[in-house]
Each structure stands twice: as structure tokens, then as C-alpha cells.
Asker: 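Below is a structure I'd like to ask you about.
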Number of protein chains: 2
Amino acid sequence: MGLTKSEIFTEEQNRLSTLLKAMAHPARIAILQRILASNTCICGDLVEELGLAQPTISQHLKELKLAGIIQGTVEGVSICYCINPVTWKLLKDQLGIFFESYKGEVSCC
Amino acid sequence: MGLTKSEIFTEEQNRLSTLLKAMAHPARIAILQRILASNTCICGDLVEELGLAQPTISQHLKELKLAGIIQGTVEGVSICYCINPVTWKLLKDQLGIFFESYKGEVSCC
DNA sequence: ATTCTATATCGCAATATTACAATTAATATA
DNA sequence: TATATTAATTGTAATATTGCGATATAGAAT
């Protein structure tokens with residue numbers, strides 16, 4: 001049916017998977033890396049640097065913004081994007097807990 | 001076109017996004033949480049506990065296995081799944097670096 | 001006001017994902 | 001061997017994602 005049954009999962013599971021999905025594309029990873037590298041925000045540069053058409057970049061930015069991972073403000077003619085610190089911390093913490101909770105070595109397989 | 005242009009991205013970007021995509025579904029988050037909770041592996045239990053049909057669960061397990069996040073071995077009639085420690089560490093470290101690299105507060109937007 | 005520049009939006013085609021019923025495969029047990 | 005039991009596979013319908021050309025929008029500069 002192509003439609004995720006979100007009703008049967010917890011809020012936490014849905015929230016985390018939504019955030020991961022927003023990051024789960026090489027172009028969006030690249031965009032985030034670019035933002036992380038220059039801390040200061042960018043935008044039109046991405047089109048040249050990534051090698052994807054402008055509408056495609058715009059769409060990826062929209063998805064990241066929709067998920068709350070980045071935020072953008074008008075900066076004259078161009079638009080300045082940067083990390084949304086709140087979501088970033090939330091995701092970082094939640095992933096931290098998630099990955100830390102594996103205490104390997106009890107191995108069964 | 002519905003087809004990601006992997007050629008234009010780095011190995012690292014593709015690898016990371018593939019792993020994130022494998023995790024980016026509430027059912028697969030739930031499966032991982034279940035495995036993390038009982039360290040020892042499970043399988044048929046998931047069908048009852050998650051409320052998804054058996055083929056659906058099987059498909060999600062296959063995706064996690066394909067990405068290398070979990071591994072499974074035959075255990076009599078049932079199959080035992082558990083975390084793949086190598087990939088787990090790799091993903092944990094890479095995400096750690098990624099999220100740590102944001103030193104907020106320089107704020108621009 | 002007109003024009004330029006930078007982004008966003010729309011619409012579409014190609015492909016991918018999600019979910020499941022039906023079936024098959026594989027192993028255990030009677 | 002026949003029969004459960006468990007999980008994988010196949011096929012299919014519904015929906016989502018990716019990418020881009022064409023177009024629209026908004027602000028700056030002339």
C-alpha cells in the first residue's frame with residue numbers, strides 16, 4: 001500500500017524515523033556537511049557544488065527544513081540556511097541513547 | 001526520475017545515507033529497539049508485538065540485514081537476529097563525528 | 001517601472017517503498 | 001513419511017521519492 005502505518009508505533013519511534021528519513025539521502029548529507037563546515041549559512045552555492053539542478057536542491061532544503069533540522073532566513077536576495085540547534089540536540093541525544101544502549105559481546109548469533 | 005544520483009556523491013555520503021535509510025522507518029526502529037532490549041535475538045515475536053503482517057516484518061528484517069545493521073542465524077525452526085557489531089560501531093562513530101562537528105552559537109540566522 | 005538575481009513551486013516521468021495475501025522453503029516432530 | 005511450525009519469497013496495489021524543465025515569486029539594482 002506504500003503507506004506507513006504510523007498509528008501502531010510510538011511517538012518516539014515515529015519522530016526518530018522521520019528525522020532519520022530527512023537525513024537519509026546523500027544530497028541532504030552533503031548539504032548538512034556543507035552547512036556544518038562553514039557554520040555560516042549558504043544556499044545558491046549548493047547548486048554549483050553538488051551538481052544537482054536548482055529545483056532539486058530547493059526541494060532537499062525544504063525537506064530538511066520541514067523536518068526541523070535546518071532553518072532559513074531571507075538575506076537580501078538570497079536565503080541563508082543553518083542548523084536548527086534545538087532539533088540538532090534532540091536528534092543527537094536520542095541517537096546517542098540509541099547507539100549507547102548496545103552493550104555488545106553478549107552475542108547470540 | 002525517482003533514482004538517486006549516487007555517482008555524484010562521495011562513498012562516505014552514500015554509505016551513511018544508506019545506513020540511515022535502513023533505519024528510517026518506525027517498524028525498523030521498533031525492531032532494533034526490541035533487539036537492543038533483549039540483546040538475545042528474536043524474530044517471530046516481532047510479528048505479534050509490532051502488529052504488522054509476517055511478510056512485512058520479514059521484509060523489514062531483510063532490509064536491516066542487507067544494510068549490514070543486523071545479522072541472523074538459523075536456530076532450529078526459527079531464526080535468531082541480532083546486531084552486527086561491526087556496522088553498529090561504524091555507524092555510531094560516523095554519526096558521532098557528524099553530530100559533534102556542530103559547534104552551535106556562532107549562529108547566523 | 002524594468003530588469004536582474006536568487007529561490008520556490010508546479011507538474012510530470014521514472015523509480016522506490018510499504019504492506020499484504022498467497023505461496024514456497026526449510027526444519028522439526030509425531 | 002506426513003504434518004506442523006517458522007520464515008522467506010513472489011506478486012501486486014497503493015503511495016512516496018527523486019529529479020528536472022518550465023514557470024512563478026520576491027527582493028535589489030538600474
Asker: Between D/dT18 atom C1' and A/Gln59 atom CD, what is the distance in whole Å?
Answerer: 7 Å

Asker: Which residue lies toward the 5' end of DNA chain D, A/Val77 or B/Val77, if each is placed at its nearest nucleotide?
Answerer: B/Val77

Asker: May I have the distance from B/Ile70 (atom CD1) to D/dA7 (atom P), rounded to whole angstrom?
Answerer: 13 Å

Asker: Compare side-chain N and O positions of B/His60 against OP1 and OP2 of C/dT17 and report whether any pair is under 4.0 Å apart.
Answerer: no

Asker: Between B/Ser58 and D/dA8, does any side-chain N or O lie under 4.0 Å from OP1 or OP2?
Answerer: yes

Asker: Taking only the side-chain heavy atoms of B/Pro55 (C-beta and beyond), determine which of D/dT18, D/dT15, C/dC20 contains the nearest atom.
Answerer: C/dC20

Asker: Establish, with yes or no, whether the OP1 or OP2 oxygen of D/dT17 is under 4.0 angstrom from a side-chain nitrogen or oxygen of A/Lys21.
Answerer: yes

Asker: Provide, to the nearest angstrom, the distance between the CG atom belonging to A/Leu61 and the P atom belonging to D/dT18.
Answerer: 13 Å

Asker: Quick check for you: among C/dT17, D/dT18, D/dA7, whose closest atom lies nearest to any side-chain atom of B/Ile79?
Answerer: D/dA7

Asker: Measure the distance from CZ on A/Phe9 to P on C/dT18 and round it to the nearest whole Å.
Answerer: 11 Å

Asker: Measure across A/Ala67 and A/Leu19 and return the closest heavy-atom pair with its distance rounded to 0.1 Å.
Answerer: O-CD2, 3.5 Å

Asker: On DNA chain C, nearest-nucleotide positions of A/Lys65 versus B/Val74: which is more 5'?
Answerer: A/Lys65

Asker: Consider the side chain of B/Thr56, meaning its heavy atoms from C-beta on, and name the nucleotide among D/dG19, D/dA7, C/dC20 that approaches it most closely.
Answerer: C/dC20

Asker: Name the closest nucleotide to the B/Cys43 side chain, picking from D/dC20, D/dA7, C/dT18.
Answerer: D/dA7

Asker: Restricting to non-hydrogen atoms, name the atom on B/Ala27 and the atom on B/Leu52 that form the minimum distance, rounded to 0.1 Å.
Answerer: CB-CD1, 3.8 Å

Asker: Describe, in one word, how the ring planes of B/Trp88 and A/Phe99 are oriented to each other, choosing from parallel (under 30°), tilted (30 to 60°) and perpendicular (over 60°).
Answerer: tilted

Asker: Could you check how far CG of A/Leu3 sits from C1' of D/dA13, rounded to whole Å?
Answerer: 12 Å

Asker: How many Å lie between CG on A/Leu20 and C1' on C/dT17, as a whole number?
Answerer: 16 Å

Asker: Starting from C1' on C/dA8, measure out to CG on A/Leu66 and report it in whole angstrom.
Answerer: 14 Å

Asker: The test is side-chain contact (heavy atoms from CB on, under 4.5 Å); show your working for B/Lys21 and B/Glu63 and say whether it passes.
Answerer: CA-CA 10 Å; B/Lys21 193 158 87 175; B/Glu63 267 175 82; over 6 Å; no

Asker: For B/Glu11, does the CD atom sit with more than 12 other heavy atoms under 6.0 Å from it, leaving out its own atoms?
Answerer: no

Asker: What is the separation between atom CD1 on A/Ile42 and atom C1' on C/dT7, rounded to the nearest whole Å?
Answerer: 15 Å

Asker: Is any N or O donor-acceptor pair between the side chain of A/Gln54 and the base of C/dA8 shorter than 3.5 Å?
Answerer: yes

Asker: OP1 or OP2 of C/dA6 versus the side-chain N and O atoms of A/Tyr81: is any pair under 4.0 Å?
Answerer: no

Asker: Categorize B/Leu52 for me: base, sugar-phosphate, or nothing, with a 4.0 angstrom heavy-atom threshold over every strand shown.
Answerer: sugar-phosphate

